[in-house]
Number of protein chains: 2
Amino acid sequence: MTETDIAPPRRKRAPSKRSLETRARILDAAERLFAQGGFDGASMRDIAVAADVPVALVNFHGGAKEALFDTVVARRAETLARHWLDALESAKADHGPLDLRAVLDCFIRPYLNLAATGGAQWTAYARLIAHVSADERWRPISERCFDPTVAVFVAELIPKFPKAETRRIAGAFVFSISAMLSLATSRWRIEAMAGDSGEATSGLDEWADFLIDFCEGGFRAALAG
Amino acid sequence: MTETDIAPPRRKRAPSKRSLETRARILDAAERLFAQGGFDGASMRDIAVAADVPVALVNFHGGAKEALFDTVVARRAETLARHWLDALESAKADHGPLDLRAVLDCFIRPYLNLAATGGAQWTAYARLIAHVSADERWRPISERCFDPTVAVFVAELIPKFPKAETRRIAGAFVFSISAMLSLATSRWRIEAMAGDSGEATSGLDEWADFLIDFCEGGFRAALAG
DNA sequence: ATTATTATTGAACGATCGTTAAAAATAACG
DNA sequence: CGTTATTTTTAACGATCGTTCAATAATAAT
C-alpha cells in the first residue's frame with residue numbers, strides 16, 4: 001500500500017452533460033496535439049486553446065499533464081484491443097484454425113482501418129500509439145494498454161513455429177508492428193521516396209495487403225525450419 | 001537569394017585546440033540528450049550541464065537550439081553514408097553483382113554495427129536517427145542527410161524487381177528501415193515480450209542476421225512476380 | 001425553491017525555457 | 001611582448017511552462 005494508492009474521491013452527484021462534453025473536447029484536443037508533437041511537443045495551454053477552454057479546466061478534467069497523457073492513451077485502448085481480439089475470434093469462427101497470414105491480418109488491418117476510416121480522432125490515436133511505442137518513458141502505459149493484446153497474438157503464432165525460440169517470434173512481431181506504425185505515420189515518406197512521378201496513389205487496402213505480404217514473408221523467411 | 005543565404009562570418013584566426021574540444025564536448029552531450037529525449041525532451045541547460053559548460057557556451061558553439069540539433073544530426077551523417085556506400089561498393093568488388101540479400105545487408109549491418117560497437121556516441125546517434133526519422137518536423141534534415149543514400153539503395157533494388165512499381169520498392173525499404181530502427185532502439189521491448197525466461201541473450205550478429213532474413217523474405221513476398 | 005456539490009473562470013505562482021549582452025579570460029598573431 | 005581576435009564567464013532578459021487558488025456560475029439533489 002504505497003502513497004500512490006489513494007482512493008478515488010467519492011462523487012455525490014452525477015456529472016452534468018455539459019461537463020462530459022467539455023471533458024471529451026479536452027481529451028480530443030489533447031489526443032490530437034499529443035499525437036502531433038508527442039508529450040513534450042504539446043503544452044497544456046495549446047491543449048486548452050484547441051479545446052476552447054481556460055487552462056485550468058484541462059487540469060481539472062485531465063489532472064496533471066502525465067495523468068492526462070495516460071488517460072488519453074488509455075481511453076481508446078480497450079476499444080482497439082477489442083477490435084484486435086474480435087478480428088481474431090471472428091476469423092477463427094469463420095475459417096477455423098488460422099494460418100500465419102490470417103493472424104497478421106487480424107492485427108494489421110483493424111489498426112490501419114481505424115487509422116484511415118475511423119475519423120480524425122482515431123487517425124490521431126494511431127499516431128499517438130507510435131509515440132508511446134517509441135519512447136521507453138511510456139513503457140508502463142504500453143505494458144498496461146497494449147502488451148496484453150500483443151501477447152495474445154504472439155501466443156497465437158508460437159505453435160506455428162514449433163522449432164523457433166519465443167524471443168525470435170516476438171522479434172519478428174515487433175518488426176511487423178514497427179513497419180505497421182511507419183505505414184500509418186509516414187506514408188508521406190514512402191510516397192516521397194518513390195519520386196514525384198505521377199503514379200496513381202494507392203488506397204488503404206492496397207497498402208495493407210502489401211504490408212501483410214511483407215510481414216508474412218518476413219516471418220516465414222526469418223523463422224523457417 | 002533569400003535572407004537565409006547569409007555568408008558565414010569570416011574567421012581571422014584558427015580556432016584553438018581547447019575550443020575545438022569544448023565544441024566537441026557540447027555536441028557530444030547534445031547528441032546524447034537529443035537521442036534520449038528528442039528535440040523537445042532535452043533543454044539547452046541540460047546539455048550545458050552534461051557538457052560541463054555554462055549555458056551561453058552551448059549557444060556560442062551550437063547556435064540556436066534548432067541549429068544545434070541540425071548540426072548534431074549532420075555531423076556524423078557523412079561518415080554513416082560513407083559506411084553505407086563503402087559496404088555497397090566493396091561488396092560489389094568482392095562478389096560482383098549483388099543480390100537482394102547482399103544489398104539489404106550492406107544497409108542494415110553497418111548501421112547496427114556502429115550502433116552496437118561504435119562507442120557510446122554512435123549508439124546515441126543511432127537512436128537520434130530514429131527521432132529524426134519519426135518526426136515529420138525534421139523532414140528537411142532527413143532529405144539532406146539520409147535520403148540521398150537511401151535513394152542509392154532503392155535504385156540498386158529497382159532492377160531486381162522489374163515488374164514492381166518503384167513506390168512499392170520504396171515502401172518495402174521503409175518497412176525495413178523502421179524494423180531496423182526498432183531493433184536499435186527497443187531491443188528491450190523484444191526481450192520483454194519474450195518473457196522473463198532465461199533464454200540466452202543474443203548477440204548483435206544474431207539479431208542482424210535475423211532482421212536481414214526478415215527483410216529479405218518480406219521483399220520477396222511483397223514484390224513477387 | 002433551496003441547498004449542496006460540481007464546473008468554470010480569471011489570475012497568479014514559481015520554475016524553467018531559449019536567448020542575449022556585456023565583461024573577463026584566453027590564445028593566436030605581428 | 002603587445003595587440004587583437006576569440007573563447008569563456010556571469011548575469012539577466014522576456015516568454016512560456018505546469019500547476020494552484022479563490023471567485024463565480026451552473027447544475028443535480030432534496
Side-chain angles (χ1 to χ4, degrees), chain A residues 3-4 6-34 36-73 137-138, chain B residues 4 6-31 33-34 36-73 137-138:
Chain A
E3 301 181 49
T4 64
I6 52 175
R10 282 272 208 79
R11 293 193 70 86
K12 302 191 174 181
R13 289 212 307 233
S16 69
K17 191 208 293 186
R18 185 161 85 106
S19 148
L20 291 177
E21 288 172 350
T22 306
R23 181 184 142 94
R25 213 166 59 245
I26 289 172
L27 294 186
D28 284 354
E31 188 172 59
R32 256 178 293 130
L33 296 191
F34 280 144
Q36 206 169 79
F39 180 81
D40 296 308
S43 75
M44 299 290 274
R45 286 180 164 81
D46 291 338
I47 294 170
V49 169
D52 195 37
V53 296
V55 218
L57 257 191
V58 181
N59 278 296
F60 180 82
H61 284 285
K65 194 183 181 185
E66 295 214 6
L68 172 63
F69 187 82
D70 194 291
T71 299
V72 166
V73 176
R137 176 185 189 179
W138 310 120
Chain B
T4 64
I6 52 175
R10 283 273 205 79
R11 295 192 70 87
K12 302 191 174 180
R13 299 223 205 121
S16 69
K17 192 207 292 185
R18 185 161 86 104
S19 149
L20 291 177
E21 288 172 351
T22 307
R23 181 185 142 94
R25 212 166 60 246
I26 289 172
L27 294 186
D28 285 354
E31 188 172 58
L33 296 192
F34 281 144
Q36 207 168 79
F39 180 80
D40 296 307
S43 76
M44 299 290 276
R45 285 179 164 82
D46 290 338
I47 295 170
V49 169
D52 195 37
V53 296
V55 218
L57 258 192
V58 180
N59 279 296
F60 180 80
H61 284 285
K65 194 183 181 185
E66 295 214 7
L68 171 63
F69 188 81
D70 194 291
T71 299
V72 166
V73 176
R137 177 183 189 180
W138 311 119

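Keep in mind that the numbers below use all heavy atoms, side chains included, and drop hydrogens, waters and symmetry copies. Chain identifiers are assigned alphabetically (A, B, ...) following the order of the sequence lines, protein sequences preceding nucleic acid strands; residue numbering begins at 1 within each chain.
Nearest heavy-atom pair, B:A51 versus B:I26, reported as atom, atom and distance to 0.1 Å: CB-CA, 3.8 Å. Nearest heavy-atom pair across A:A30 and A:V72 is CB-CG2, 3.8 Å. In this structure, A:R25 and A:D52 approach most closely via the heavy-atom pair NH2-O, 3.9 Å. Nearest heavy atoms, A:L33 versus A:A50: CD1-CB, 4.1 Å.
In this structure, A:L68 and A:M44 have side chains that are in contact, with non-hydrogen atoms separated by less than 4.5 Å. Contact check for B:T71 versus B:R23: side-chain heavy atoms found under the 4.5 Å cut-off.
Remark: B:P54, B:A56, B:L57, B:F60, B:H61 in residues 50-64 of chain B come within less than 4.0 Å of DNA chain D through at least one heavy atom. Taken residue by residue, residues 19-30 of chain B places heavy atoms nearer than 4.0 Å to DNA chain D at B:S19, B:T22.
Screening residues 38-57 of chain A for ring pair (Phe, Tyr, Trp, His ring centres under 6.0 Å), with sequence neighbours left out, gives A:F34-A:F39, A:F39-A:F69, A:F39-A:W138.
At a threshold of 4.0 angstrom between heavy atoms, the contacts of A:A67 with the nucleic acid are absent.
Going from atom CG of A:L57 over to atom CD1 of A:I47 covers 13.0 Å, rounded to the nearest 0.5 Å. Distance check, rounded to the nearest 0.5 Å: CG of B:L27 to OG1 of B:T22 gives 10.5 Å. Note that OG of A:S19 is 4.5 Å distant from NE2 of A:H61, once rounded to the nearest 0.5 Å.
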**Q.** Secondary structure of DNA chain C in dot-bracket form (Watson-Crick or G-U wobble, distances below 3.5 Å, | marking inter-strand pairs)
**A.** |||||||.|||||||||||||||.||||.|

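The environment of CZ in A:R137 is crowded: more than 12 heavy-atom neighbours from other residues, nucleotides or ligands sit within 6.0 Å.
For DNA chain C, the span of nucleotides reached by chain A at under 4.0 Å from its heavy atoms goes, 5' to 3', from C:dA4 to C:dA12.
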Q. How does protein reach along nucleotides 22-30 of chain D, written 5' to 3' as B (base within reach of a heavy atom under 4.0 Å), S (only sugar-phosphate), or - (no contact)?
A. ----SBBS-

